[in-house]
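Here's the structure we're looking at; comments come further down.
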Amino acid sequence: MKRIGDWRREPFSQRYKSQTLTIFALATAPGRAAIAVIRVSGPAAGETVKQLTGKDPPAARQAVLRRLQDGRSGESIDQALILWFPAPATVTGEDVAEFHVHGGRAVVHGVLDALASVPGVRPAEPGEFTRRAVLNGKIDLVEAEAVADLVAADTSRQRHQALDQLQGLHSEVYDGWRQRLVDAMARLEAVIDFPDEELPSGLLDDNTAAVTALEEEVRAHLDDGRRGERLREGLSVVILGAPNVGKSSLLNALAGSDAAIVSAEEGTTRDTVEVTMDIAGFAVSLVDTAGLREVPRGVEGEGIRRALTRAETADLTLLVADASRWEKTWPRIATHCGENALVVAGKADLALPPPDIPGLSAKTGEGIDRLIDAMAQHFRRAWQGAGLSPSRARHRAALLQVADALARYRDLEAGDVTLAAEDLRLAATALGRLTGRVDVEDLLDVIFSEFCIGK
Ligand code: GDP
């Protein structure tokens with residue numbers, strides 16, 4: 001019988017494999033379609049192929065056409081393409097089978113039902129295929145999140161961001177940092193373990209320099225104005241201006257839809273109206289706000305307050321004044337000018353805009369494409385190189401813990417080497433939790449057992 005300690009020493013993947021059931025799920029969207037793909041992963045994947053086709057799995061990674069049947073009754077279900085991927089070179093690291101069937105509900109239902117009857121096989125939980133890929137070391141946690149992001153990506157920028165992350169660009173950086181941390185820990189451990197030995201002079205100084213450099217890199221990575229997270233979540237563009245300058249009409253013209261209420265009456269947009277759109281591959285949520293005017297009381301006052309709050313946190317503000325009433329409408333927004341704002345003169349079909357201010361007309365469509373280009377240019381400039389930024393708050397939180405632990409190390413190191421070592425360990429644990437790639441304790445065991453050879 002195994003004691004708890006034995007379990008702990010066993011590599012995680014082995015511990016997990018001994019209890020693994022085989023999972024299956026419809027990999028394509030539910031509903032009627034030309035083709036549906038059903039994926040099976042686990043030790044009994046080969047058995048599911050045998051049960052459903054009456055034959056052994058086909059040659060690895062080669063599509064073959066076979067008749068599918070219910071293993072219990074022998075009843076025909078479909079003619080389907082079968083793909084067989086033997087472990088370990090598969091997406092989950094386990095044996096994987098794919099059934100490409102005709103996408104009718106009865107066919108899909110029949111296959112799923114037949115699969116569920118195979119011993120040791122059960123329906124997959126949400127995300128379980130990716131989860132197994134992580135547990136089997138195929139991808140790390142950051143890459144697994146990228147799989148979810150790639151599936152959710154609406155625009156090309158979001159797709160690029162997720163793909164970079166899935167291909168390990170972030171993980172490579174984080175793994176490099178962890179390696180440097182482990183080296184620093186090993187050096188420090190030498191000082192602790194061999195206090196009386198002849199160790200290279202300046203070992204502690206070298207370590208402090210290395211840790212400080214690492215901390216600076218982590219902080220620089222974090223100091224990006226949350227650009228990665230904002231790119232992933234979508235940017236917000238807020239339209240600000242006095243009442244009746246044509247804000248709602250502009251939003252409609254930009255979005256090409258009737259998402260906002262267009263009305264000649266002042267103060268109809270009391271809350272914010274939002275549409276999402278794709279501008280040069282950036283996912284943008286365009287927000288129309290209550291017109292800024294000087295009666296901020298009651299419901300409308302609340303609308304104006306919300307407009308200003310949204311503008312403060314927006315990635316870009318479109319400041320709209322009315323070309324035909326410039327003197328009256330421009331002063332309302334003049335104070336909001338800044339590097340994250342674009343000024344436009346609306347209703348340019350009624351009057352000439354002031355010099356240097358791009359005019360546009362929601363009515364004739366003039367200047368709308370130019371505004372979209374200007375927005376695209378702004379985003380491209382502001383988001384250049386943001387692909388490597390942390391894409392989630394979870395990453396940011398873990399990296400902050402790393403940087404803070406490294407800062408504590410710097411402060412402590414002269415005073416107490418043992419406490420300093422603990423801070424390095426905390427930093428390594430935070431990084432380990434971020435990628436989830438390695439059980440940090442296992443890693444440390446290996447490193448220190450190697451380091452202390454002969455002790
Ligand atoms: P908001 O209060 O700033 O959101 O303004 P609206 O979009 O509701 O428009 C106010 C009024 O101006 C409506 O009567 C619109 O038809 C009109 N309007 C909006 N844009 C234009 C434009 O480009 N040209 C002209 N001539 N009228 C416009």
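Counting convention: from 1, in listed order, for ligands and their atoms alike. Just so we're clear, the structure is a prediction, and the values are computed from it rather than from any experiment.
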Kindly indicate whether the side chain of Val40, heavy atoms from C-beta on, has any atom under 4.5 Å from the side chain of Glu98.
no
Report yes or no: is the cationic atom of Arg39 (NZ for Lys, CZ for Arg) closer than 6.0 Å to the six-membered ring centre of Phe129, at no more than 45° off its axis?
yes
Just distances here: any N/O of Pro243 and N/O of ligand 1 closer than 3.5 Å?
no
Can you check whether Asp288 has an N/O within less than 3.5 Å of an N/O in ligand 1?
no
Between Ala362 and ligand 1, is there a nitrogen or oxygen pair with a distance under 3.5 Å?
yes
Give the numbers and elements of all ligand 1 atoms closer than 4.0 Å to a heavy atom of Ser248.
1 (P), 4 (O), 7 (O)
Inspect the surroundings of CG in Leu350 and state if more than 12 heavy atoms from other residues, nucleotides or ligands are less than 6.0 Å away.
yes
Ligand 1 to Leu350, heavy atom cutoff 4.0 Å, flagged ligand atoms 26 (N)
Go through ligand 1 atom by atom and flag the ones less than 4.0 Å from a non-hydrogen atom of Asp349.
22 (C), 23 (O), 24 (N), 25 (C), 26 (N)
With nothing but distance in play, are any N or O atoms of Leu360 less than 3.5 Å from an N or O of ligand 1?
no
Selected option - heavy-atom contact closest to atom 18 (N) of ligand 1, from Lys347, Lys363, Lys247
Lys347
Is the gap between the ring centers of Trp383 and His378 under 6.0 Å?
no
Does any part of the side chain of Leu318, heavy atoms only, come nearer than 4.5 Å to the side chain of Met375, both counted from C-beta?
yes
Taking Arg394 for its side chain and Leu434 for its backbone only, find out whether a donor-acceptor pair lies under 3.5 Å.
yes
